[in-house]
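One structure is given here, and the rest of the page talks about it.
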Amino acid sequence: MAETTPFPNHIAIIMDGNGRWATRRGLSRLEGHLAGFNTIHDIVRHLGEISKIKYATFYAFSTENWNRPEAEVKGIFNILSESISSEALELHENNVRIRWLGRAERLPPKLVQDIRKAEDLTADNSGMTIALAFNYGGRQELADAMRRIAAESIPLDRIDEKLIANYLYTSDMPDVDLLIRTADELRISNFLLWQTAYAEFYFTPVLWPDFNRAELDKALESYRARKRRFGGL
């Protein structure tokens with residue numbers, strides 16, 4: 001039976017196009033990434049105003065992004081560290097919980113400390129959850145879950161979909177309802193492979209720094225016009 005819902009409970013966004021946005025304006029790629037993080041702030045505030053979406057996950061840095069120039073990678077780390085430090089208190093005061101999805105290995109200790117501090121500060125908040133997928137890969141996440149299950153010697157007859165979900169980075173979060181990708185790219189790039197099994201997809205040519213509140217509203221309107229069948233009629 002088809003199911004209609006006015007708003008998704010969990011949206012996930014692949015933020016693409018920062019570099020192209022900067023190049024078209026004669027700016028550096030890091031200026032494009034800074035503009036992209038500013039867009040995150042604006043979208044998060046808009047989600048808070050909507051108030052009906054309880055989870056939002058942003059794909060900020062993938063395990064494949066290590067292949068970018070070292071200076072660009074370090075610049076992204078600095079931007080994230082500064083953004084987390086400057087925004088955490090405001091998000092906490094608005095009852096928002098911050099979550100980090102990914103691995104700590106290879107990341108600068110200060111960045112890990114800043115993210116963990118924001119997580120700890122907001123851990124008990126009951127409002128919207130904002131998750132940053134940083135140094136994240138979907139296949140890596142599944143491999144990590146399998147290793148944890150094996151390390152605990154869980155009997156084979158106990159391993160089912162529910163148990164596996166409990167060993168993912170997102171164990172305390174629901175599956176994704178709406179996946180948005182910007183910059184006219186039509187793939188999910190190793191992002192939340194398990195959690196997007198029944199997600200609705202929305203692709204837009206808009207580059208991420210230009211993805212404003214009106215663009216988010218268009219994505220939500222598209223979602224509301226669909227009927228979710230989950231394999232049924």
Side-chain angles (χ1 to χ4, degrees), residues 2-15 36-60 80 83-84 87-102 115-134 136 138 141 145 161-182 188 191-204 208 211-230:
E3 175 182 323
T4 58
T5 52
F7 284 94
N9 188 38
H10 183 182
I11 68 170
I13 304 178
I14 301 175
M15 307 173 292
F37 273 95
N38 289 335
T39 297
I40 295 176
H41 302 161
D42 189 49
I43 293 300
V44 167
R45 290 187 178 94
H46 189 41
L47 289 171
E49 293 168 359
I50 294 172
S51 77
K52 296 177 181 179
I53 298 169
K54 299 303 181 184
Y55 298 86
T57 300
F58 296 87
Y59 203 8
L80 176 62
S83 297
I84 286 288
E87 296 287 329
L89 183 58
E90 178 183 344
L91 292 172
H92 176 55
E93 290 173 347
N94 284 283
N95 198 30
V96 174
R97 183 176 67 129
I98 298 172
R99 287 277 281 105
W100 173 23
L101 312 179
I115 296 175
R116 294 300 189 204
K117 184 178 179 180
E119 281 192 306
D120 291 342
L121 175 67
T122 63
D124 295 328
N125 291 344
S126 58
M128 182 171 56
T129 292
I130 299 298
L132 288 176
F134 200 87
Y136 171 90
E141 178 184 23
E161 292 182 14
K162 183 176 181 180
L163 183 136
I164 292 171
N166 287 335
Y167 281 80
L168 299 176
Y169 302 154
T170 55
S171 59
D172 59 345
M173 299 170 61
D175 283 346
V176 175
D177 298 301
L178 172 63
L179 174 68
I180 299 169
R181 181 162 189 163
T182 61
I188 61 173
F191 182 48
L192 299 177
L193 300 177
W194 180 280
Q195 300 89 337
T196 57
Y198 284 98
E200 299 292 327
F201 286 16
Y202 179 86
F203 299 106
T204 174
W208 175 246
F211 189 87
N212 54 27
R213 299 179 180 211
E215 294 298 334
L216 177 60
D217 289 342
K218 288 181 185 178
L220 296 175
E221 185 62 31
S222 173
Y223 175 84
R224 288 196 292 272
R226 305 182 192 185
K227 294 186 182 299
R228 308 187 71 196
R229 292 181 170 80
F230 299 98

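Note that this is a predicted model, so its numbers are computed, not measured.
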| task | Report the C-alpha distance between Tyr59 and Leu192 in whole Å, list the side-chain angles of each, state the deciding distance to 0.1 Å, and finish with yes or no for side chain to side chain contact (heavy atoms under 4.5 Å, CB included). | result | CA-CA 9 Å; Tyr59 203 8; Leu192 299 177; over 6 Å; no
| Contacts of Tyr169 that satisfy ring-ring contact (aromatic ring centres under 6.0 Å, His included) - sequence neighbours left out | Tyr136
| field | salt bridge (charged side-chain N to carboxylate O under 4.0 Å, His left out) against Glu161, all qualifying residues, sequence neighbours excluded | value | none
| request: Please lay out, stage by stage, how Ile40 and Ile130 fare under the test side chain to side chain contact (heavy atoms under 4.5 Å, CB included). | output: CA-CA 10 Å; Ile40 295 176; Ile130 299 298; 5.8 Å; no
| said: My understanding is that only residues two or more places apart in sequence, or in another chain, count here; which of them pass side-chain hydrogen bond (donor to acceptor under 3.5 Å, both in side chains) with Asn9? | reply: none
| task | Go through the structure and list residues passing side chain to side chain contact (heavy atoms under 4.5 Å, CB included) with Asp120, not counting sequence neighbours. | result | none
| query | Leu121 and Ala88: which non-hydrogen atoms are nearest, and at how many Å? | reply | CD2-O, 4.0 Å
| Under the side-chain hydrogen bond (donor to acceptor under 3.5 Å, both in side chains) test, which residues partner Lys117, sequence neighbours left out? | none
| remark: Closest non-hydrogen contact found for Thr196 with Phe201 is O-CE1, 4.2 Å
| message | Taking Arg116's backbone N and O only, do any of them form a donor-acceptor pair with Trp100's side chain (distance below 3.5 Å, no angle check)? | response | no
| said: Within the 4.5 Å heavy-atom criterion, are Leu80 and Ile115 side-chain neighbours or not? | reply: yes
For residues 51-58, tabulate all N or O donor-acceptor pairs below 3.5 Å that involve a side-chain atom, not counting sequence neighbours.
| unit_1 | atom_1 | unit_2 | atom_2 | d |
| --- | --- | --- | --- | --- |
| Lys54 | NZ | Ser51 | O | 3.2 |
| Thr57 | OG1 | His10 | NE2 | 2.9 |

| Quick one: CD1 on Ile43 to CD1 on Ile50, what's the gap to the nearest 0.5 Å? | 8.5 Å
| query | If you round to the nearest 0.5 Å, how far is CG of Leu101 from OG of Ser171? | reply | 9.5 Å
| said: Just to verify, what does Glu221 make a salt bridge (charged side-chain N to carboxylate O under 4.0 Å, His left out) with, not counting sequence neighbours? | reply: Arg224
| Non-neighbouring partners of Phe211 that pass ring-ring contact (aromatic ring centres under 6.0 Å, His included), sequence neighbours left out | Trp208
| request: Would you give the length of the straight line joining atom CZ of Phe37 to atom CG of Leu132, rounded to the nearest 0.5 angstrom? | output: 7.0 Å
| task | To the nearest 0.5 angstrom, please state how far the OH atom of Tyr198 sits from the CG atom of Asp177. | result | 13.5 Å
| Partners passing salt bridge (charged side-chain N to carboxylate O under 4.0 Å, His left out) against Arg213 (at least two apart in sequence or in another chain) | Asp42, Glu49
| query | With a 4.5 Å limit on heavy-atom distance, are the side chains of Thr122 and Val96 in contact? | reply | no
| said: Please evaluate residues Met15 and Thr39 with respect to the criterion side chain to side chain contact (heavy atoms under 4.5 Å, CB included), reporting the C-alpha separation (whole Å), side-chain torsions for both, the decisive distance (0.1 Å), and the verdict. | reply: CA-CA 10 Å; Met15 307 173 292; Thr39 297; over 6 Å; no
| remark: The side chain to side chain contact (heavy atoms under 4.5 Å, CB included) partners of Tyr202 (sequence neighbours excluded) come to Leu178, Ile180, Thr204, Lys218, Ala219, Ser222, Arg226
| said: Suppose we screen for salt bridge (charged side-chain N to carboxylate O under 4.0 Å, His left out). Which residues come up paired with Asp172, at least two apart in sequence or across chains? | reply: Arg97, Arg99
| Side-chain heavy-atom pair Leu216, His46 within 4.5 angstrom cut-off | yes
| query | Which residues pass the side-chain hydrogen bond (donor to acceptor under 3.5 Å, both in side chains) test with Asn125, sequence neighbours left out? | reply | His92
| Side-chain touch Glu141/Gln195, heavy atoms, less than 4.5 angstrom | yes
| Validation row: Leu179, Phe191 side chains within 4.5 angstrom (heavy atoms) | yes
